[in-house]
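Structure, as structure tokens:
Note that ligands are numbered from 1 as they come in the structure, with each ligand's atoms numbered from 1 the same way. Throughout, numbering of the chain's residues begins at 1 and tracks the sequence.
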Amino acid sequence: MKKLRIIMVGALAAGALYVVGPSTATAAPAPRALPAAQPKTGPGWHSPTPTTDLPLRVLARRHGLGVGTAINVTALANDTAYRERAAREFSAVTAENVMKWESLEPTRGQYNWGPADELVAFAQRNGQKIHGHTLLWHNQLPAWLTEGVADGSIDSAELRRIVKNHITTVVKRYRGKVRSWDVVNEAFTDDANPVLRDTIFRQHLGPDYIADALRWAHAADPTAKLFLNDYAIDGINPKSTAYYELAKELRKRRVPLHGIGFQGHLDLQYPLPIDAPQNLARFDRLGLETAFTEVDVRYFLPTDTYKEAGQVGSFNTLLSACLLTPKCVMFTVWGFTDKYSWVPEWFEGQGAATPFDENLQPKPAYRGLQQVLAVASDPNRRRGF
Ligand code: XIL
């Protein structure tokens, strides 16, 4: 409660400075003039003061917080401005696609390590930690696997061997290099009564496949932090409660689960998960790490200043929730520039979901993140990132 108040006051003060301006001590104050209209381009209201205009990774350091981004490996190879910005702003990286099963093992038994290795090398050059994404997911599986299961040429016993082997091979290769893994991604349905999603893993390995996967990953790298990760669990709702119950059970059984990843794919047309701090707090009390792993804030184009302002608030709400949670170790955005964001491709008519525009210039959302990191008091360097 105390921490919540400190940060809220800080955030309010940051907003109030501009609106109210310096107070005067005259007996009969003249009515305050309205502020002059701000230009829409150039140095507007969100232009930084020198002390806040520091890279996110620098501002986050005193909180012991990792600030991450998903990386598009093609852009990393071809776009110098992208590469430089990624190195400068972030202390953590996640592969947007190249550590998914279809990318790592497109042909059975033949691993394609190249792109993932490039990302690992980039991170190491730049002192960045790596969040591995993702060992098991029902999407972006190789065709040989899904087709083999569908036509019965891969039976349940064989699928179990294949999954164990995949997890072991991948985790061992990056042992000591990947700080944390999304071991299972998006395991629950998102209806009113969430249950384990009906994937090939659930079908053929049984409902305990999650515990098995965690154990296999732990055996392959005992130092990696093992996460379950999902969307629409940022606030308190039936799906996040299903995770809470599962996490409690796995911890009780001493299954090696170390963290929960909250994807944080927000959309301005839906309610903001304003109770994210309370949600993260209950996982924190189980002794788990927490992290926002894929934050972006989409809306219907075209952009206007109202939507931009809403976006600032949405990013800041999730970042504040993380800062308020003692073991929230990382705040990662799902791409940092609109130039390569997945949103326009996946959500028709929507976009502009990241903190930098298509020219890699900072947007108000970026200034907001800087300000929250700069203003938040009571820093907690013991998060363990
Ligand atoms: C997305 C990528 O951004 C796209 O490039 C790809 O085509 C599909 O997957 N939740 C996740 C991510 O866990 O892996 C997804 O990434 C976005 C939603």
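Here Thr134 has no heavy atoms under 4.0 Å from ligand 1, in either its backbone or its side chain. When heavy-atom distances to ligand 1 are checked against a 4.0 Å cut-off, Glu345 has no atom that comes that close, whether in backbone or side chain. For Trp346, every heavy-atom contact with ligand 1 shorter than 4.0 Å involves the side chain, none the backbone. Neither the backbone nor the side chain of Asp182 comes within contact range of ligand 1; no heavy atom lies under 4.0 Å.
Residue Glu186 has at least one nitrogen or oxygen atom sitting less than 3.5 Å from a nitrogen or oxygen atom of ligand 1, judged on distance alone. Backbone and side-chain nitrogen or oxygen atoms of Trp342 are examined, and none is located within less than 3.5 angstrom of a nitrogen or oxygen of ligand 1. By the 3.5 Å distance cut-off applied to N or O atoms, Asn229 is not counted among the residues near ligand 1.
Shortest contact from atom 11 (C) of ligand 1 to any protein heavy atom: Glu294 OE1, 3.0 Å. The nearest protein atom to atom 1 (C) of ligand 1, hydrogens excluded, is given as Lys100 NZ, 3.7 Å; this is a heavy-atom distance. The protein heavy atom nearest to atom 6 (C) of ligand 1 is Asn97 OD1, 3.4 Å. If you check which protein heavy atom lies closest to atom 3 (O) of ligand 1, you get Glu96 OE2, 2.4 Å.
Salt-bridge annotation for Arg179 and Glu289: present, with a side-chain N of the basic residue lying under 4.0 Å from a carboxylate O of the acidic one. Salt-bridge annotation for Arg88 and Glu84: absent, with no side-chain N of the basic residue lying under 4.0 Å from a carboxylate O of the acidic one.
Using a 4.0 Å heavy-atom cutoff, Tyr231 is absent from the residues neighbouring ligand 1.
Under the 30°/60° scheme for interplanar angles, the aromatic rings of Tyr366 and Phe356 are found to be tilted. Ring-plane geometry between His133 and Trp137 is classed as tilted, the angle between the planes lying from 30 to 60 degrees on a 0 to 90 degree scale.
Distances below 4.0 Å separate heavy atoms of Asn185 from the following atoms of ligand 1: 11 (C), 13 (O). Close approach to His133 involves these atoms of ligand 1, each under 4.0 Å from a residue heavy atom: 11 (C), 12 (C), 13 (O), 14 (O).
Checked by atom type, the side-chain pair Asn229/Thr293 shows a donor-acceptor distance below 3.5 Å. For Asp198 and Gln203, the side-chain atoms include at least one donor-acceptor pair closer than 3.5 Å. Side chains of Arg175 and Thr223: a donor-acceptor N/O pair is absent below 3.5 angstrom, by distance only.
When the options Ile71, Thr69, Asn72 are evaluated for a side-chain contact (heavy atoms from CB on, under 4.5 Å) with Glu96, the one that passes is Asn72. Checked against Lys307 for a side-chain contact (heavy atoms from CB on, under 4.5 Å), the options Val312, Leu268, Val297 give a single hit: Leu268.
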